[in-house]
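In the text below, chain A, chain B and the rest are named by the order of the sequence lines, each starting its count at 1. Please read these numbers as outputs of a predicted model, since none were measured by experiment.
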Amino acid sequence: MNPYQQLYRQLHRIHGPQGWWPLLRKSGARIACRYHPDDYRYPKTSRQRFEIGVGAILTQNTNWGNVEKALINLATHSLLDARAILNANPEHLKKLIRPAGYFNQKTTKLRLFAESYTAWKGTIPHRDTLLGIWGIGPETCDSILLYAYQVPVFVIDAYTKRIFKHLGLSSETDYETLRRSCEQALPREPALYQEYHALLVAHAKRYYSKKPYGKNCPLQLS
DNA sequence: AACCAGGACGTGA
DNA sequence: TCACGTCATGGT
């Protein structure tokens, strides 16, 4: 068992199943964001796939709690939909996604993504196609592929690099290089990649969000 | 009150 | 390639 597999086992033992990507749901009269650690059939609709893309864009360098507020605002105005976003007044969009920060840039990003999304007509976009959209970088691109389309790409984020470095697993900083080494070390199973990235984030939020990074981190690779 | 959050892009060396 | 500045809100 290689170090990447060891790390996954330990993370899963510590934190349990995560059930990413979180999706909006009506709970009672209200709308809330819910994980689904017991059901990996999500997303179930094209609309939910789009929602994942929107969430992935909105969460760029932004706390997920703020993103939820923006998502709920969009949903309450029936704007969590590609065509609806294209037809909406950009100034109105700005107000709704305001809590997610960078609302000027993100409004443009959402409209560009919505435009492409409708053009794909339900087909899975190629990685290069996604990366060609202004506002979609490697992490956002791979999050969309992995969580919206079940494409087995390993998502790298700042937390991933931080944890890998602290554990002496890898000090690689280049996104593509690190992604390839992860994918080479692990079976190409979407559900595994989905859980792995979610677990790294969960773990980093606990032990790697304030300096000194990794203080009290219980992980140990042999 | 500074620091951080599930980044991406533009610029200049 | 790489380092830096910019974008912006809200929680701790």
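If you measure from atom CD of Glu68(A) to atom C1' of dA5(B), you get 14 Å, rounded to the nearest angstrom. When rounded to the nearest whole Å, the span between CG of Leu71(A) and P of dG10(C) equals 15 Å. One atom, CG of Asn73(A), and another, P of dT9(C), lie 14 Å apart when rounded to the nearest Å. In this structure, Glu139(A) places its CD atom 15 Å from C1' of dC9(B), rounding to the nearest Å. In this structure, the CD1 atom of Ile133(A) is 19 Å from the P atom of dG7(B), given to the nearest Å. Remark: P of dC7(C) and CD1 of Ile97(A) are 16 Å apart, rounded to the nearest angstrom. Going from atom OH of Tyr175(A) over to atom P of dT1(C) covers 17 Å, rounded to whole Å. Separating the NZ atom of Lys161(A) from the P atom of dA5(B) is a distance of 14 Å, rounded to the nearest angstrom.
Ring geometry for Tyr147(A) against Trp20(A) counts as tilted: the plane angle lies between 30° and 60°, on a 0 to 90° scale. Taking the six-membered ring for Trp and thresholds of 30 and 60 degrees, Tyr8(A) and Tyr196(A) have ring planes inclined between 30 and 60 degrees apart.
In this structure, Ile57(A) reaches neither bases nor backbone, as no heavy-atom distance under 4.0 Å exists between it and the strands shown. The residue Trp134(A) sits close only to the backbone: its heavy atoms come under 4.0 Å of sugar-phosphate atoms, none of a base. Among the heavy atoms of the strands lying under 4.0 Å from Gln105(A) is at least one base atom, whether or not backbone atoms are also near. Residue contacts for Ile156(A): at a heavy-atom cut-off of 4.0 Å it reaches no nucleic acid atom on any strand shown. Base engagement by Tyr35(A) is indicated by at least one non-hydrogen atom pair under 4.0 Å involving a base atom.
Between the side chains of Gln150(A) and Gln194(A), at least one donor N or O sits under 3.5 Å from an acceptor N or O.
Taking the nucleotide of DNA chain B with the nearest heavy atom to each of Asn66(A) and Cys141(A), the more 5' of the two is matched to Asn66(A). Residues Leu131(A) and Pro22(A) each lie close to DNA chain B; by heavy-atom proximity, the contact nearer the 5' end of the strand is made by Pro22(A). Each of Asn63(A) and Asp174(A) was matched to the nucleotide of DNA chain C holding its nearest heavy atom; the match closer to the 5' end belongs to Asp174(A).
Counted within 6.0 Å of CD on Gln5(A), heavy atoms from surrounding residues, nucleotides or ligands total more than 12; the atom is thus considered enclosed.
Of all nucleotides listed (dA8(B), dG10(C), dC7(C)), dC7(C) comes nearest to the side chain of Tyr102(A). Comparing dA8(C), dA8(B), dG10(C) by their closest approach to the side chain of Arg98(A) singles out dG10(C). Nearest nucleotide to the side chain of Tyr213(A), out of dA8(B), dA8(C), dC4(B): dC4(B). Among the nucleotides dC7(C), dG10(C), dA5(B), the one closest to any side-chain atom of Ser209(A) is dA5(B). Closest to the Asn61(A) side chain, of the nucleotides dA8(B), dT9(C), dA8(C), is dA8(C).
Only the P atoms considered, dA1(B) is 24 Å distant from dA8(C), to the nearest whole Å.
Taking 4.0 angstrom as the limit, Tyr159(A) places a side-chain polar atom (N or O) nearer than this to OP1 or OP2 of dA5(B). Proximity of Lys69(A) to the phosphate of dG11(C): a side-chain N or O atom is located under 4.0 Å from OP1 or OP2. A close approach under 4.0 Å does not occur between any side-chain nitrogen or oxygen of Thr59(A) and OP1 or OP2 of dG7(B). One finds a side-chain N or O of Arg162(A) lying less than 4.0 angstrom from the OP1 or OP2 phosphate oxygen of dA5(B).
Phe113(A) is connected to Ile124(A) through a chain of hydrophobic side-chain contacts under 4.5 Å among Ile, Leu, Val, Met, Phe, Trp and Tyr, so both are in one cluster.
Exactly one of His166(A), Lys215(A), Arg162(A) qualifies for a side chain to side chain donor-acceptor pair (under 3.5 Å) with Tyr208(A). That residue is His166(A).
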